[in-house]
Amino acid sequence: MAINISKLRGTAGAITYDPGYANTGSCLSTVTFVDGEKGILKYRGYKIEDLAEKASFLEVIYLVVYEKLPNKAELDEFDKKIRANSVIPEGMKTILDGIPKDAHPMATLSIMLTSLATYFPFNVDKPETVEDATIKLLGMIRTLSAYGFRKSRGESYIDPNPENSYVGDFLNMMYGKIDPTVEKAMNKLLILHADHEQNCSASSVRMVGSSKSNLYAVIGAGVTALWGELHGGANQKVLEQLQLIVDDGNDYMKYVNMAKDKSTGFRLMGFGHRVYKNFDPRATILKSSADDVLATLGKQDPLLDIAKNLEKIAIEDDYFKARKLFPNVDFYSGIIYKALEIPNEMMTVMFSLGRLPGWIAQWKEWMNDPSFRIHRPRQVFMGDTDNKWVDINNR
Ligand code: SDX
């Protein structure tokens, strides 16, 4: 239920105040439905559990961006267009060459996606350029992510191969091989990250897009927002924290107690969520998937044992229960990515690969909304209003 306050300032002479927009609806949307109390997540009305189990990520991209599940002919046509738009302009390799080897991959990804605007025309009022940018972004984000990864390891680039599937070709560009188990797990991971209604990065994409800016640059802004450790950057931080606990003699209770002690400023990464207040359905799916992937790949991971101990604490401990802090999507995704040999610093890039269709869908929805206007919130001013000028020699 919502109260429309868009005319409040004009009628009641007041604005609302809601820091962080925690209780403010910014739009009407049909992309993703989340019921935080019941732990329900649906893309365009389809249950995440069904999509994760039965769909390909390419089908989910089509569903999220074009508002319907594609039939065979539509999916084949879409697939063909993406395969034909996966090779990046040669000059972009020169831009990549200028980026330091140890740069954070999210900085590299944001730069490279925005750089696509220097090669391809875009006009938000020309639907053909919107569709072209959509296909190029979906095709080239894999190439740019894989090139950035291989450059950081001093390895030569492996170019896109139109013979491979959407996810398979990304893996091939990353590692030069496609392991079916890895492709299956990656497909599920990317589906689980495809959209999540008005999260920080989706809201950023709507905000930046509302000035009618260039879609390539708007997506670059989405990557930048996702990078933060309170948002998509949490998956990398989860792994770093679990490793810290293992290195500290597996003393996970020490870190649980630190998280409960406000004076430490320490937070258990991968726990808590602004919307889900009982469980994150994606974490539930990923928890069982983590066991399957590790078993299939014949891998043991002490981090997973620590993770399960932390989850058990979160379910039983009053501090966590009172604040409804339980594992979110980032908690288990990091462990699976590690099993798939995705390095920690690449994990938020993987989140970006998954979330790109959601960003595009959220952007398109706002650009086509009958209420479309540039985002420009108000403020409650708390500063000085009557300071007198003083020359520098008298200050
Ligand atoms: C994602 O929005 C989305 O949908 C995001 C996402 C998506 O798909 O786009 O779902 C993906 O970003 C998941 C979240 C990943 N981030 C983390 O795992 C980082 C750790 N989590 C927290 O920083 C926090 O829980 C947030 C950022 C997720 C939510 O922050 P809120 O809603 O602003 O909650 P809050 O900071 O106001 O905390 C409420 C209370 C506070 O204690 P009190 O002041 O009430 O006593 O809970 C405490 C916090 O101190 N708290 C934690 C905690 N998270 C919140 N205490 C310890 N460890 C934590 N992780």
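Order of listing sets the numbers, starting from 1, for every ligand and every atom in it.
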Requested in this report: Look at ligand 1 and say whether Gln198 reaches it with a heavy atom at a distance under 4.0 Å.
Outcome: no

Report task. Report yes or no: do Met92 and Met140 belong to one cluster of Ile/Leu/Val/Met/Phe/Trp/Tyr joined by side chain heavy-atom distances under 4.5 Å? Result -> yes

Query raised in the report: What protein heavy atom sits nearest atom 40 (C) of ligand 1, and how far away is it?
Result: Arg323 CD, 3.9 Å

Report task. State whether the shortest distance between N or O atoms of Ala234 and N or O atoms of ligand 1 falls below 3.5 angstrom. Result -> no

**Report entry** Test applied, side chain to side chain donor-acceptor pair (under 3.5 Å); reference residue, Gln236; option that passes from Glu345, Glu229, His104
**Finding:** His104

**Report entry** Separation of Lys38 NZ from Asn278 CG (nearest 0.5 Å)
**Finding:** 11.0 Å

Query raised in the report: Between Arg282 and ligand 1, is there a nitrogen or oxygen pair with a distance under 3.5 Å?
Result: yes

Requested in this report: Using non-hydrogen atoms of the residue, decide whether Tyr276 is closer than 4.0 angstrom to ligand 1.
Outcome: no

Report summary line: For atom 28 (C) of ligand 1, the closest protein heavy atom turns out to be Gly272 O, 3.6 Å

Query - Contact check, side chains of Tyr175 and Ile342, non-hydrogen atoms, under 4.5 Å - result: yes

Report task. Would you check if the distance from the ring center of Phe279 to the ring center of Phe326 is below 6.0 Å? Result -> no

Report task. Say whether Val275 and ligand 1 are in contact under the criterion: heavy-atom distance to a ligand atom below 4.0 Å. Result -> no

Query - Heavy-atom check, side chain of Gln241 versus side chain of Phe266, under 4.5 Å - result: yes

Report task. Would you mind finding which of Arg267, Gln241, His231, His196 brings a heavy atom closest to atom 24 (C) of ligand 1? Result -> Arg267

Query raised in the report: Protein heavy-atom contact under 4.0 Å for atom 37 (O) of ligand 1?
Result: no

Requested in this report: Under 4.0 Å from a heavy atom of Lys262: give me the atoms of ligand 1 that qualify, with their elements.
Outcome: 42 (O), 43 (P), 44 (O), 46 (O), 50 (O)

Query - Same apolar cluster: Met207 and Val205, side chain cutoff 4.5 Å - result: no

Query raised in the report: For Leu268, is at least one N or O under 3.5 Å away from an N or O on ligand 1?
Result: yes

Query raised in the report: Which is closest to atom 3 (C) of ligand 1 by heavy-atom distance: Thr32, Asn199, Asn235, Leu325?
Result: Asn199

Query raised in the report: Should Leu138 and Met173 be counted in the same cluster of Ile, Leu, Val, Met, Phe, Trp and Tyr side chains packed under 4.5 Å apart?
Result: no

Report task. Say whether Phe271, considering both its backbone and side-chain N or O atoms, lies within less than 3.5 Å of an N or O atom on ligand 1. Result -> yes

Query raised in the report: Is atom 22 (C) of ligand 1 less than 4.0 angstrom from some protein heavy atom?
Result: yes

Query raised in the report: Would you say atom 34 (O) of ligand 1 has a protein heavy atom nearer than 4.0 Å?
Result: no

**Report entry** atom 26 (C) of ligand 1 protein-contacted (non-hydrogen atom, under 4.0 angstrom)
**Finding:** no

Query - Contact atoms of ligand 1, heavy-atom distance to Gly270 under 4.0 Å - result: 17 (C), 18 (O)

Query raised in the report: Same hydrophobic cluster for Val87 and Ile135, using side-chain heavy-atom links shorter than 4.5 Å among ILVMFWY?
Result: no

Query raised in the report: Are His196 and Tyr276 an aromatic pair by the rule of ring centers under 6.0 Å?
Result: yes

